[in-house]
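Below, each value reflects all heavy atoms present in this structure, side chains not excepted, and no hydrogens, waters or symmetry copies.
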Amino acid sequence: STMSFSEAEVQSARGAWEKIYVDAEDNGTAVLVRMFTEHPDTKSYFTHFTGMDSAEEMKQSDQVKGHGKKVFTAINDMVQHLDNTEAFLGILNPLGKKHATQLKIDPKNFKIICDIILQLMEEKFGGDCKASFEKVTNEICTHLNNIYKEAGW
């Protein structure tokens, strides 16, 4: 399935993403901390986070910071390829397969994390920023769900 982003959509999505990616570690950490706080069951996938109950503790954790940065780096790679479905899926496919087969992460968690990224964008940069990026998160989640189906979920 190919993605249909117009040139204008690609540009505005990249512009929106750049704003949040400038502080990739801080914003990536904020997204994960919010996810773990609002959806505590998501912590069960990260054995080293399970003992952490306070948001403060999580914010200080090198592992939370490291994974937040990883998530943001992966999305950043995809954002560079919104106009090239093959390259986009070249990044997303191995990630999706790994989360489905090795890590066995419930796919609903991708929607949760994408929604939190959009929330953060809206809080920091307004509704237009969020709107410009919504199509990207929808594509990511749609393709991840397809990868999961192929992996037998």
Side-chain angles (χ1 to χ4, degrees), residues 3 5 9-85 87-145 147-148:
M3 301 185 295
F5 284 91
E9 284 172 329
V10 170
Q11 292 313 322
S12 68
R14 284 185 182 151
W17 175 251
E18 268 163 30
K19 291 179 180 168
I20 201 165
Y21 189 66
V22 170
D23 297 309
E25 189 174 282
D26 284 354
N27 287 323
T29 302
V31 165
L32 285 187
V33 169
R34 189 175 293 189
M35 179 174 79
F36 294 146
T37 311
E38 293 176 2
H39 305 270
D41 55 308
T42 58
K43 281 198 298 187
S44 63
Y45 293 107
F46 297 89
T47 47
H48 44 275
F49 300 166
T50 43
M52 287 182 206
D53 289 322
S54 79
E56 268 319 300
E57 226 182 328
M58 292 179 210
K59 271 178 202 148
Q60 300 308 317
S61 156
D62 286 339
Q63 280 157 322
V64 176
K65 283 187 213 166
H67 198 73
K69 187 119 198 266
K70 226 186 234 177
V71 169
F72 268 49
T73 302
I75 294 173
N76 189 57
D77 290 343
M78 291 176 229
V79 168
Q80 306 316 312
H81 298 297
L82 295 177
D83 40 14
N84 180 342
T85 306
F88 179 92
L89 291 177
I91 297 155
L92 196 53
N93 277 330
L95 267 177
K97 280 194 186 107
K98 184 183 180 188
H99 282 75
T101 58
Q102 287 174 29
L103 305 170
K104 304 207 184 325
I105 307 286
D106 189 315
K108 76 172 189 320
N109 293 316
F110 297 117
K111 178 90 178 88
I112 292 172
I113 206 167
C114 282
D115 286 346
I116 294 172
I117 289 171
L118 293 173
Q119 268 170 27
L120 193 67
M121 282 180 151
E122 186 166 29
E123 286 162 20
K124 290 192 166 205
F125 310 110
D128 287 352
C129 182
K130 176 193 171 183
S132 299
F133 205 66
E134 230 158 344
K135 190 168 176 182
V136 177
T137 55
N138 286 339
E139 285 290 341
I140 290 173
C141 288
T142 301
H143 286 293
L144 281 167
N145 284 331
I147 294 164
Y148 267 70

Query - Intermediate values then yes/no, salt bridge (Lys or Arg N to Asp or Glu O under 4.0 Å), Lys43 and Asp53 - result: CA-CA 10 Å; Lys43 281 198 298 187; Asp53 289 322; 3.3 Å; yes
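- Among all heavy-atom pairs drawn from Leu144 and Gly96, the shortest one is CD2-CA, 3.6 Å.
- One N or O on the side chain of Lys104 and one on the backbone of Thr101 form a donor-acceptor pair closer than 3.5 Å.
- Between atom CD1 of residue Ile117 and atom CG of residue Leu120 there is a gap of 8.5 Å, rounded to the nearest 0.5 Å.
- Counting heavy-atom neighbours within 6.0 Å of Asp128 CG, excluding the residue itself, gives a total of 12 or less.
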Report task. Go through Tyr21 and Asn27 one step at a time and tell me if the side-chain contact (heavy atoms from CB on, under 4.5 Å) criterion holds. Result -> CA-CA 8 Å; Tyr21 189 66; Asn27 287 323; over 6 Å; no
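- For the pair Asn76 (side chain) and Phe72 (backbone), a donor-acceptor distance under 3.5 Å is absent.
- In this structure, Asp115 does not pair ionically with Arg34, as no charged nitrogen and carboxylate oxygen lie closer than 4.0 Å.
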Requested in this report: Report the C-alpha distance between Thr85 and Phe5 in whole Å, list the side-chain angles of each, state the deciding distance to 0.1 Å, and finish with yes or no for side-chain contact (heavy atoms from CB on, under 4.5 Å).
Outcome: CA-CA 10 Å; Thr85 306; Phe5 284 91; over 6 Å; no
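- For the atom pair CZ (Phe133) and OG (Ser12), the distance works out to 10.5 Å, reported to the nearest 0.5 Å.
- Contact detail for Lys69 and Ala24: the closest heavy-atom pair is CE-CB, 4.3 Å.
- Ring-centre distance between Phe110 and His99: below the 6.0 Å cut-off.
- Nearest heavy atoms, Ala13 versus Val136: CB-CG2, 3.7 Å.
- Expressed to the nearest 0.5 Å, how far NZ of Lys98 lies from CD1 of Ile147 amounts to 14.0 Å.
- The line from NE2 of His67 to OG1 of Thr29 is 11.0 Å long, rounded to the nearest 0.5 Å.
- The pair Lys108-Asp41 counts as a salt bridge, with a side-chain nitrogen and a carboxylate oxygen less than 4.0 angstrom apart.
- Lys19 and Phe125 get closest at one heavy-atom pair: O-CZ, 3.5 Å.
- You'll find the side chain of Arg14 reaches within 4.5 Å of the side chain of Asp83, heavy atoms only.
- Of the inter-residue distances, the one linking Leu118 atom CG with Thr137 atom OG1 reads 4.0 Å to the nearest 0.5 angstrom.
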Requested in this report: Might you work through the side-chain contact (heavy atoms from CB on, under 4.5 Å) test for Gln11 and Leu82, ending with a clear yes or no?
Outcome: CA-CA 10 Å; Gln11 292 313 322; Leu82 295 177; over 6 Å; no
Report task. Walk me through it: do Met58 and Phe49 pass the test side-chain contact (heavy atoms from CB on, under 4.5 Å)? Result -> CA-CA 8 Å; Met58 292 179 210; Phe49 300 166; over 6 Å; no
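- Between Phe36 and Phe46, the ring-plane angle classifies as perpendicular under the 30° and 60° cut-offs.
- Heavy atoms only, all atoms of each residue included: Glu25 and Lys65 are closest at OE2-CD, 3.4 Å.
- Rounded to the nearest 0.5 angstrom, Leu95 CG and Asp77 CG are separated by 9.0 Å.
- Contact record, Phe88 with His81: CB-O, 3.6 Å, taken as the closest heavy-atom pair.
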